[in-house]
**Q** 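Below is one structure. I have some questions about it.
Values in this document were obtained by computation on a predicted structure and should not be read as measured data. Just follow the structure's listing: the first ligand is 1, and inside any ligand the first atom is 1. Basis for what follows: all heavy atoms, side chains included, without hydrogens, waters or symmetry-related copies.
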Amino acid sequence: MIEENLKQIEENIQAACKRAGRERSEVTLIAVGKTKPVDLLNEAFACGCREFGENKVQEMTEKQELMSEETHWHMIGHLQRNKVKYLAPYVTLIHSVDTYRLAEEISIHAQKNHRVIPVLIEVNIAEEESKFGIAAEDTIELIRQVAELKGVKVKGLMTIAPYVEDPEENRHYFRQIKQLSVDIDGKNIDNVDMSILSMGMTGDYTVAIEEGATMVRVGTGIFGERNYLKSIQ
Ligand SMILES: *Cc1c(COP(=O)(O)O)cnc(C)c1O
């Protein structure tokens, strides 16, 4: 099932790149395995997936210990400062930085591990009250502050678009955040680049790619529906 799903997604990604006049190599698929067992993640690994996303530190760390060292780990969920120390040794990219205090904590633990951790700034582009992320108008100010930290490197922006039936409804949000990223890039801030734009999930990743996504985060489309009741046990 996973192999077929990945094949279908690959076709969709290629078609979206073609429509947008983009190279396939500009887009990275992140397999979001939250609530799913390591067996299923390893199936995706066997099909060639190397980038995996999780939204909980404990779950990600447990899986990281069990899976191949060639796996790259993306923290895509809200991150509490007291949990940063657990992922600092191994995390590939943190997509969900939305406060200076969190960035500062990441920087401290990165330096303890003699590394610089790449991060994205999470923008709440639709201004949904239920969502984490910084408001678009406050993003540049936060990035200027985070850029001063020695242990982190800002690599771009991330957003979680609203849940919608028709992905076309999110196109204008994707366009807005792409424009924000271009504006920030134009400011040439030291220690900041805007090479990554993480946006698009199972329901809307093709539209996100058409609007400039460089990373799409797909869970359900690869691993099937999540059963949260079962995962609680
Ligand atoms: C769960 C999750 C995804 C994947 O969602 P699907 O709709 O299952 O593809 C992507 N991004 C974030 C931040 C998530 O928490």
**Q** Glu23: which residues meet the salt bridge (charged side-chain N to carboxylate O under 4.0 Å, His left out) condition with it, sequence neighbours left out?
**A**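 So Glu23 forms no salt bridge (charged side-chain N to carboxylate O under 4.0 Å, His left out) with any residue.
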**Q** Find all protein N or O atoms under 3.5 angstrom from an N or O atom of ligand 1 and list the pairs with distances, or write 'none'.
**A**
from: ligand 1; atom 1: 8 (O); to: Thr220; atom 2: N; distance (Å): 2.8
from: ligand 1; atom 1: 8 (O); to: Thr220; atom 2: OG1; distance (Å): 2.5
from: ligand 1; atom 1: 8 (O); to: Arg226; atom 2: NH1; distance (Å): 2.8
from: ligand 1; atom 1: 8 (O); to: Arg226; atom 2: NH2; distance (Å): 3.1
from: ligand 1; atom 1: 9 (O); to: Thr202; atom 2: N; distance (Å): 3.0
from: ligand 1; atom 1: 9 (O); to: Thr202; atom 2: OG1; distance (Å): 2.4
from: ligand 1; atom 1: 9 (O); to: Gly219; atom 2: N; distance (Å): 2.8
from: ligand 1; atom 1: 11 (N); to: Arg217; atom 2: NE; distance (Å): 2.8
from: ligand 1; atom 1: 15 (O); to: Lys34; atom 2: NZ; distance (Å): 2.6

**Q** Do any N or O atoms from the side chain of Arg50 and from the backbone of Phe45 form a donor-acceptor pair under 3.5 angstrom?
**A**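 Between the backbone of Phe45 and the side chain of Arg50 there is a qualifying donor-acceptor contact (under 3.5 Å).
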**Q** Angle class for the Trp73/Phe52 ring planes (parallel below 30°, perpendicular above 60°, tilted otherwise)?
**A**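 Ring orientation of Trp73 relative to Phe52: tilted.
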**Q** Pick out which of Glu10, Glu11, Lys18 makes a side chain to side chain donor-acceptor pair (under 3.5 Å) with Gln14.
**A**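 One option only clears the test, and that one is Glu10.
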**Q** Between His78 and Phe132, how do the two ring planes meet: parallel, tilted or perpendicular, split at 30° and 60°?
**A**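 The rings of His78 and Phe132 lie parallel, inter-plane angle below 30°.
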**Q** Give a yes or no on whether the backbone of Glu26 and the side-chain of Thr214 come within a donor-acceptor separation of less than 3.5 Å.
**A**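 Between the backbone of Glu26 and the side chain of Thr214 there is no qualifying donor-acceptor contact (under 3.5 Å).
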